[in-house]
Undergrad: 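This is the structure I have questions about; it appears just below.
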Amino acid sequence: MGPTPSRVSCTMLDLKKLRDDPEAARRGLAAKGAEALLDEVLALDAQRRALLTATEALQNERNRVSKEVGRLKAAKQDATALMERVRAINSELQEQATALQPSEAACEAALLRLPNLPDPSVPVGADAAGNQVVRAWGDRPAFDFTPLPHWELGARLGLFDFERGARLAGAGFPLLRGPGARLSRALIQFMLDLHTREHGYEEVAPPFLCNTAAMTGTGQLPKMAEDMYRVTDSDLWLIPTAEVPVTNIYREEIIRAPLPVRLTAYSPCFRREAGAAGKDTRGLNRVHQFDKVEMVKFTTPESSADELDRLVRDAEDVLQRLELPYRILELCTGDLSFAAAKCYDLELWAPGQDRWLEVSSCSNFLDFQARRARIRYKNEAGQTAFVHTLNGSGVALPRLIVAVLECGQQADGSVRLPTALRPYLGGLERLEPAS
RNA sequence: GGAGAGGUGGCUGAGUGGUUGAAAGCAGCGGUUUGCUAAACCGUCGUACGGGUCAAACCUGUACCGGGGGUUCGAAUCCCCCCCUCUCCGCCA
């Protein structure tokens, strides 16, 4: 079984817009540090169009002469001269094609590496230091003892077995046991119930591996290949987030369902975390496999800004109901991910480590992913147009568990569980140390 | 994994190597009729990428009938490879 060739649209940013107003694109790309690529794209595009025009002129002639051949033959007349002419055109076309094909491929490859432009409302900044706290919720718990990090708590409570997990797949593949495994499952179920029953999402259970076309559609490929796990003898990658399969549900489709379509999915996520070696090696802060509940939306361009606000509130609701203090950052231009035009991060307070931990990233991609994946709808004028896509974690499990443990810890070594979660744990109120 | 059947526009569904980008029907859109709804009738109705126009409307070219390649002056139509769906068999959670 060979790899499926990906059929990806040549557009990610609108090429015509890039041509018509390169300066606007240049400003946006500069904010994301991808300015140089723009000139490369524009040059490749100019070359490509010149070749395309020449090729199409030849094709036009070939088509006209061929039709004439048919006409002559139908009239029982000699057409040898015209057939010779077409043969000549074809050999010329062969030469054209050897120039055009690499040109188109190069143009598309460069385009696929161009990141999305930041929304004009996004604060300008070079890196994470430029992110802005937009609001915070909840009081950070006060302790009359020194709060422990979750890996200490987990050891005392018998929740994790990192050593044996490493035996199975290496460091960063956590093994949860007993109450730890159950806590994880309870949180997943709690979040899915919340989003489906109260926030208006449809639950989906997607594949956990996706092909190259899907990975390209949402923007993981080509840029993030080294951050993903790949299956060796088929065209499949382990998903780094449910965003990939869920967003690609409508790839190459004109969505007929009324917008917005709001979907939520549980999935494991697999990330190589290339370049993060040695960072956050203890506990659950940064792992190669983790569980997450994801929210994905397909909307009209008119409503995507509002839907982003709702998305953030839906993620916040998870944290509020679990009584966990958090803050919300708006990412600045320099910290936006490849595909995002605007993004809010939700960070939970981890008192045992005295730091904030990101548990959710809520992004509006505008039509960036829709272009790449060709996800469209019919607008009110009846025209086919690209949807806007959004997604956000609702939320990621490991760091959620970290906060539940570190915020809920008591002087006696037990951990108080949030009230809203207890029904999912058979009424359990506390995790007690194994004695 | 083996055998068979099939993949055509939003859907259903015709299709001959040569003015077919593709019959017909449904849906959609615009309109007429109508007290409203329904119905009827008329018209319109694929996508992408180029060129023309400051731009839009519009005009025009090319490509696209699962994907790729081949035969041919000319391919949805013939040939090869691949993918997918369905049915049956085998294997297995």
Side-chain angles (χ1 to χ4, degrees), chain A residues 1-24 41-42 44-94 96-101 103-108 110-112 205 207-214 216-217 233-236 248-259 261 298 367 370-387:
Chain A
M1 184 169 72
T4 308
S6 63
R7 288 280 296 172
V8 178
S9 158
C10 194
T11 47
M12 57 171 293
L13 291 173
D14 188 341
L15 237 183
K16 282 180 200 149
K17 275 190 188 150
L18 293 184
R19 279 204 294 270
D20 291 347
D21 192 0
E23 290 320 306
V41 167
L42 292 174
L44 287 167
D45 175 54
Q47 182 199 29
R48 174 194 139 256
R49 278 182 300 147
L51 290 166
L52 184 63
T53 304
T55 298
E56 289 187 347
L58 279 174
Q59 288 173 324
N60 182 21
E61 191 180 352
R62 181 197 59 193
N63 291 348
R64 277 187 299 127
V65 178
S66 285
K67 278 185 183 170
E68 189 57 30
V69 170
R71 220 168 289 146
L72 287 178
K73 288 206 166 183
K76 305 278 187 204
Q77 294 178 10
D78 177 52
T80 355
L82 292 183
M83 284 160 68
E84 266 315 307
R85 172 73 192 129
V86 175
R87 251 190 283 267
I89 292 171
N90 276 336
S91 70
E92 226 178 314
L93 270 172
Q94 277 295 332
Q96 288 283 347
T98 60
L100 179 61
Q101 280 162 11
S103 176
E104 289 191 320
C107 187
E108 169 161 343
L111 254 180
L112 284 172
F208 300 151
L209 292 87
C210 281
N211 57 29
T212 295
T216 307
D233 51 10
S234 60
D235 178 35
L236 290 172
N248 279 285
I249 287 174
Y250 290 110
R251 181 158 55 88
E252 314 267 325
E253 263 195 60
I254 297 170
I255 299 179
R256 297 283 154 174
L259 299 178
V261 171
F298 305 84
D367 64 1
R371 276 178 191 284
R372 292 170 76 104
R374 302 183 50 71
I375 304 169
R376 293 164 300 164
Y377 77 112
K378 291 278 189 188
N379 65 20
E380 285 186 359
Q383 299 160 321
T384 306
F386 291 111
V387 299

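Proteins get letters first, then strands, A, B, ... in listed order; numbering begins at 1 in each.
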Undergrad: Once you apply a heavy-atom cut-off of 4.0 Å, does A:Arg62 come out as touching a base, just sugar-phosphate, or nothing?
TA: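 Sugar-phosphate, no base atom in range.
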Undergrad: So what's B:rU34 paired with, Watson-Crick or G-U wobble, going by both distances under 3.5 Å?
TA: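 None - no nucleotide pairs with B:rU34, as no candidate has both distances under 3.5 Å.
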Undergrad: Applying the Watson-Crick and G-U wobble criteria at under 3.5 Å, what pairs with B:rU44? Answer none if nothing qualifies.
TA: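 Pairing partner, where one exists within any strand: B:rG28.
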Undergrad: Judged by each residue's nearest nucleotide on RNA chain B, which is more toward the 5′ side, A:Asn60 or A:Arg49?
TA: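 Nearer the 5' end of the strand: A:Arg49.
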Undergrad: Counting only Watson-Crick or G-U wobble pairs whose two distances fall under 3.5 Å, which nucleotide matches B:rA23?
TA: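 Base partner found: none.
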Undergrad: Could you identify the nucleotide paired to B:rC58, looking across every strand shown and requiring Watson-Crick or G-U wobble geometry with both distances under 3.5 Å?
TA: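 Across any shown strand, B:rC58 pairs with B:rG52.
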Undergrad: Once side-chain hydrogen bond (donor to acceptor under 3.5 Å, both in side chains) is applied, do any residues pair with A:Gln77, and if so which ones, sequence neighbours excluded?
TA: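 side-chain hydrogen bond (donor to acceptor under 3.5 Å, both in side chains) list for A:Gln77, sorted by chain: empty.
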Undergrad: Does B:rC73 pair with anything, Watson-Crick or G-U wobble, both distances under 3.5 Å, and if so, with which nucleotide?
TA: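 Result: B:rG18.
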Undergrad: Identify whether any heavy atom of A:Thr384 sits under 4.0 Å from a base atom; if not, whether one sits that close to sugar-phosphate; answer base, sugar-phosphate or nothing.
TA: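 Sugar-phosphate contact only.
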Undergrad: Pick base, sugar-phosphate or nothing for A:Leu52, based on heavy-atom distances below 4.0 Å to the nucleic acid.
TA: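 Sugar-phosphate, backbone atoms only, no base.
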Undergrad: With a 4.5 Å limit on heavy-atom distance, are the side chains of A:Val261 and A:Tyr250 in contact?
TA: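 Counting from C-beta outward, A:Val261 and A:Tyr250 do come under 4.5 Å.
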Undergrad: Applying the Watson-Crick and G-U wobble criteria at under 3.5 Å, what pairs with B:rG4? Answer none if nothing qualifies.
TA: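 Here B:rG4 is engaged in a pair, and the nucleotide opposite it is B:rC86.
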Undergrad: Taking B:rG9 as the reference, what is the distance to B:rC64 when you measure between their P atoms (whole Å, please)?
TA: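 It comes out at 15 Å once rounded to the nearest Å.
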Undergrad: Taking CD from A:Gln59 and C1' from B:rC73, how many angstroms apart are they, rounded to a whole number?
TA: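 Rounded to whole Å, this separation is 15 Å.
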Undergrad: May I ask you to say what A:Asp20 touches in the nucleic acid, namely base, sugar-phosphate or nothing, with a heavy-atom cut-off under 4.0 Å?
TA: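 No contact at all - A:Asp20 keeps every heavy atom at 4.0 Å or more from the nucleic acid.
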Undergrad: Find the partner of B:rC65: check Watson-Crick (N1-N3 plus N6-O4 or O6-N4) and G-U wobble (N1-O2, O6-N3) distances, both under 3.5 Å, and reply none if neither fits.
TA: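 Answer to the pairing question: none, since B:rC65 forms no Watson-Crick or G-U pair.
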Undergrad: A:Glu92: which residues meet the side-chain contact (heavy atoms from CB on, under 4.5 Å) condition with it, sequence neighbours left out?
TA: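 Only A:Leu58 meet the side-chain contact (heavy atoms from CB on, under 4.5 Å) criterion with A:Glu92.
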Undergrad: Quick one: which protein N/O atoms are closer than 3.5 Å to N/O atoms of nucleotides 9-13 of chain B? Pair and distance per line, please.
TA:
unit_1 : atom_1 : unit_2   : atom_2 : d
B:rG10 : O4'    : A:Arg256 : NH2    : 2.8

Undergrad: Taking atom P of B:rC45 as reference, at what distance in whole Å does atom NZ of A:Lys378 sit?
TA: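 Answer to the nearest Å: 13 Å.
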Undergrad: Would a distance-only check, ignoring hydrogens and angles, find a side-chain to backbone donor-acceptor pair under 3.5 Å from A:Thr216 to A:Thr212?
TA: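 A pair under 3.5 Å: yes.
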Undergrad: Looking at B:rA93, which nucleotide sits across from it as a Watson-Crick or G-U wobble partner, both distances under 3.5 angstrom, or is there none?
TA: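 When the pairing criteria are applied, nothing turns out to pair with B:rA93, so the answer is none.
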